There are 2 protein chains.
Amino acid sequence: MTNNDEKMRADARMNRDLIIDVARTAFAVNPETSLNAIARKAGIGAGTLYRHFPSREALVVALYRKEIDALAALAPKLLAEGPPVEAIRTWCARVADFSRIKHGVADLLRAALSDNDSQETYVLMIGAMTQLLAAGQSSGDIRLDADAEDILIVLAGLWRLPPTPAGEARAERILALVMRGLTLQSP
Amino acid sequence: MTNNDEKMRADARMNRDLIIDVARTAFAVNPETSLNAIARKAGIGAGTLYRHFPSREALVVALYRKEIDALAALAPKLLAEGPPVEAIRTWCARVADFSRIKHGVADLLRAALSDNDSQETYVLMIGAMTQLLAAGQSSGDIRLDADAEDILIVLAGLWRLPPTPAGEARAERILALVMRGLTLQSP
DNA sequence: ACCTGAACACCGTTCAAGT
DNA sequence: ACCTGAACACCGTTCAAGT
């Protein structure tokens, strides 16, 4: 994989970082900015961008690497701090918030779920979700037929909710619905 | 709106029908077929396509008009035949089936929910869902805070599940989860 | 070992010119 | 009143040529 820590020639490394920087601000303005436009804004050749990031997917993965890592790391932290059901709810809310603000993340999530190459993201997110569900199942709060990928697919569907109070409210309602569907009603 | 029954010059009408026909088969092969390619295959000028269908959206709406109508008409039929909860479950399953097979429909649904111009689809689908939920609320089976648009958003997220048994199973699991989230547990 | 940037085939969209 | 199809600006992607 395109590893941050691999030895790279100094110019290559600089170009890579520059591309990510430019892409980050460009995508913030318009998530559909063309790769050519990003290369142009970065002042580098189109071919350079394409060697560093063979696909738009790969670029988006690199862009949100830190955030995805942080999200994955959050799961065990939440489990340590409180009951599993609360951990799940909070984690899902964070994912939803994130994909509501940064549309790229939701696309990334979708691609990671069905597609082929962004397996790192896939492993991280599924891993986190699996961990959360397993904890809830152990404590007897979560249904045994709960499936991590199912939940991520639903969450990935929540992008493009408008970043208005109404959009937030909708996300909260849908999340509550999912939680009711996930939990075992204590008899 | 682009009405089927308006008076049109014979050639215009023929072109319109031809475009829809060609698009239907082209999209079946590849849902991302370009509009230019469709015009080419239909043997008409690109401008002609664009006057009949100002956007890809508009073309997809025309393509699936019948199916959408049928789906909307199905809701009251299901309500007449059985208990509301079963009607909701069946209707949602039909919507999910449909968007799993014809990806265009899911896109359409998403666009209809957030966007601007395909309001006809929006009204039809929301209307059907609202009707179903209202019946379930009257019978005391469905939560009073259930929201039609919420459910459609979740369903629209289920496209691109593979048309394999595994994909079907996933759709069923997610649908069951949604139903659990929607229903009031009878005390 | 990496970069440049012209080149290719294609896209969505428009609009003069035709009938 | 409608259609044609060339034209425009742009896209993703490649690849010879440079350093």
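Just the heavy atoms: all of them, side chains too, but no hydrogens, waters or symmetry mates, feed the values below. Throughout, a chain's letter reflects where its sequence line sits, starting with A, and its residues are numbered from 1. Quick caveat: nothing in here was measured; it's all calculated off a predicted structure.
Between B:S34 and C:dG12 there is a side-chain polar atom (N or O) within less than 4.0 angstrom of OP1 or OP2. Residue A:H52 places at least one side-chain N or O closer than 4.0 Å to OP1 or OP2 of C:dC3. Phosphate proximity of D:dC3 to B:R51: present, with a side-chain N or O under 4.0 Å from OP1 or OP2.
B:D11 comes within 4.0 angstrom of sugar-phosphate atoms only, judged by non-hydrogen atoms across all strands, and of no base.
The CG atom of A:L175 sits 9.0 Å away from the OG1 atom of A:T90 when rounded to the nearest 0.5 Å.
Side-chain proximity of B:A46 to C:dT14, D:dC2, D:dG12: nearest is C:dT14. Between D:dG12, C:dG12, C:dC3, one nucleotide has an atom nearer to the side chain of B:Y50 than all others, and that is C:dG12. Across C:dT13, D:dA1, D:dC11, the shortest atom-to-atom separation from the side chain of B:R9 is found for D:dA1.
With rounding to whole Å, A:N36 atom CG is found 16 Å from C:dC11 atom P. In this structure, B:R40 places its CZ atom 19 Å from P of D:dC3, rounding to the nearest Å. To the nearest angstrom, C1' of C:dC3 lies 7 Å from CG of A:N15. Atom CG of B:L59 and atom C1' of C:dT13 are 15 Å apart (whole Å). The separation between A:I19 atom CD1 and C:dC2 atom P is 13 Å, rounded to whole Å. What separates CG of B:L49 from C1' of C:dT13 is a distance of 11 Å, to the nearest Å. For the pair B:L35 CG and D:dC11 P, the computed distance is 18 Å after rounding to whole Å. In this structure, B:I38 places its CD1 atom 12 Å from C1' of C:dG12, rounding to the nearest Å.
Counting non-hydrogen atoms of neighbouring residues, nucleotides and ligands closer than 6.0 angstrom, the CZ atom of B:R94 reaches no more than 12 such neighbours.
For DNA chain C, each stem of at least three Watson-Crick or G-U pairs (distances under 3.5 Å) is given as range with range: C:4-8 with D:12-16, C:12-16 with D:4-8.
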Step by step, would you call B:R100 with B:D97 a salt bridge (Lys or Arg N to Asp or Glu O under 4.0 Å)?
-> CA-CA 5 Å; B:R100 186 149 23 88; B:D97 287 349; 2.9 Å; yes
Test side chain to side chain donor-acceptor pair (under 3.5 Å) applied to A:D141 and A:S139, step by step | CA-CA 6 Å; A:D141 296 312; A:S139 68; 2.8 Å; yes
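Along DNA chain D, the nucleotide closest to A:E32 and the one closest to A:G47 are compared, and the more 5′ of them pairs with A:E32. Checking B:I44 against A:T48, the closest nucleotide of DNA chain D that is more toward the 5' end is the one next to B:I44.
Looking at A:W91 and A:K77, their side chains never come closer than 4.5 Å, going by heavy atoms from C-beta outward.
Taking all atoms of both residues into account, the shortest heavy-atom contact from B:R56 to B:S34 is NH2-CA, 3.8 Å.
We find that A:R170 and B:D147 are joined by a salt bridge, their nearest charged nitrogen and carboxylate oxygen being less than 4.0 Å apart.
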